[in-house]
Amino acid sequence: MTRRVIRADRLITVLGGAVLLLGVGVLWIVSQGGALGAQKVDPEARAQEQLRDLIGRHAVIRYTETGRRRAVCGYVSHSGQLTVFISRPNRILLETDPLKAEFDEMLRDLCPGFLVRANVARGRS
């Protein structure tokens with residue numbers, strides 16, 4: 001009986017080719033937005049979902065403005081009052097939150113001039 005011998009250089013070539021094919025396959029899946037890629041969500045829809053989770057189903061977005069770094073700033077109507085919100089992909093803050101200093105800092109950073117423009121528009125009415 002003759003034993004078949006696998007040469008090391010042939011094994012390295014075959015395994016290297018398999019790794020390259022696997023890498024190309026993963027890159028293709030990611031570029032197509034598949035299971036490994038990030039899902040693209042409309043920022044306003046994301047804000048609406050976050051607000052409904054935080055406030056409830058009765059939350060209605062009245063105005064939104066796109067900010068920096070995928071943020072959305074706007075006004076939400078709930079319980080008869082209008083409240084400013086900042087929506088980020090992983091977090092939402094309301095102006096009524098106890099972290100008022102953090103909210104103000106994020107508003108200046110992510111949506112500069114957001115409330116200034118709203119106040120100027122009200123003053124002209």
A side-chain contact here means heavy atoms from C-beta on lying under 4.5 Å apart; do [X] and [Y] qualify?
{"X": "Leu82", "Y": "Arg62", "answer": "yes"}
{"X": "Ile61", "Y": "Phe85", "answer": "yes"}
{"X": "Leu94", "Y": "Asp97", "answer": "yes"}

Ignoring hydrogens, what is the shortest heavy-atom contact between Gly67 and Cys111? Give both atom names and the distance. CA-SG, 3.8 Å
Ignoring hydrogens and geometry, is there a side-chain-to-backbone donor-acceptor pair from Arg68 to Asp109 under 3.5 Å? yes
Check residues 48-56 and write down every donor-acceptor pair under 3.5 Å in which the side-chain atom is one partner and the other belongs to a residue at least two apart or another chain.
from: Gln48; atom 1: NE2; to: Ala59; atom 2: O; distance (Å): 3.2
from: Gln50; atom 1: OE1; to: Ser87; atom 2: OG; distance (Å): 2.4
from: Gln50; atom 1: NE2; to: Arg88; atom 2: O; distance (Å): 2.9

Distance in Å, Glu95 CD paired with Tyr75 OH, rounded so as to fall on 0.5 Å steps: 8.5 Å
Check against side chain to side chain contact (heavy atoms under 4.5 Å, CB included), Arg69 and Leu110: CA-CA 7 Å; Arg69 298 190 301 274; Leu110 299 175; 3.3 Å; yes
If hydrophobic clusters are built by linking Ile, Leu, Val, Met, Phe, Trp and Tyr wherever their side-chain heavy atoms come under 4.5 Å apart, do Ile92 and Tyr63 end up in the same one? no
Find out if a path of hydrophobic residues (ILVMFWY) with successive side-chain heavy-atom gaps under 4.5 Å connects Val84 to Val72. no
Donor-acceptor pairs are to be reported for all side-chain atoms of residues 99-107 against protein atoms at under 3.5 Å, with residues two or more places apart or in another chain.
from: Lys100; atom 1: NZ; to: Asp104; atom 2: OD1; distance (Å): 3.3
from: Glu102; atom 1: OE1; to: Arg91; atom 2: NH2; distance (Å): 3.4
from: Glu102; atom 1: OE2; to: Arg91; atom 2: NH1; distance (Å): 2.6
from: Glu102; atom 1: OE2; to: Arg91; atom 2: NH2; distance (Å): 3.0

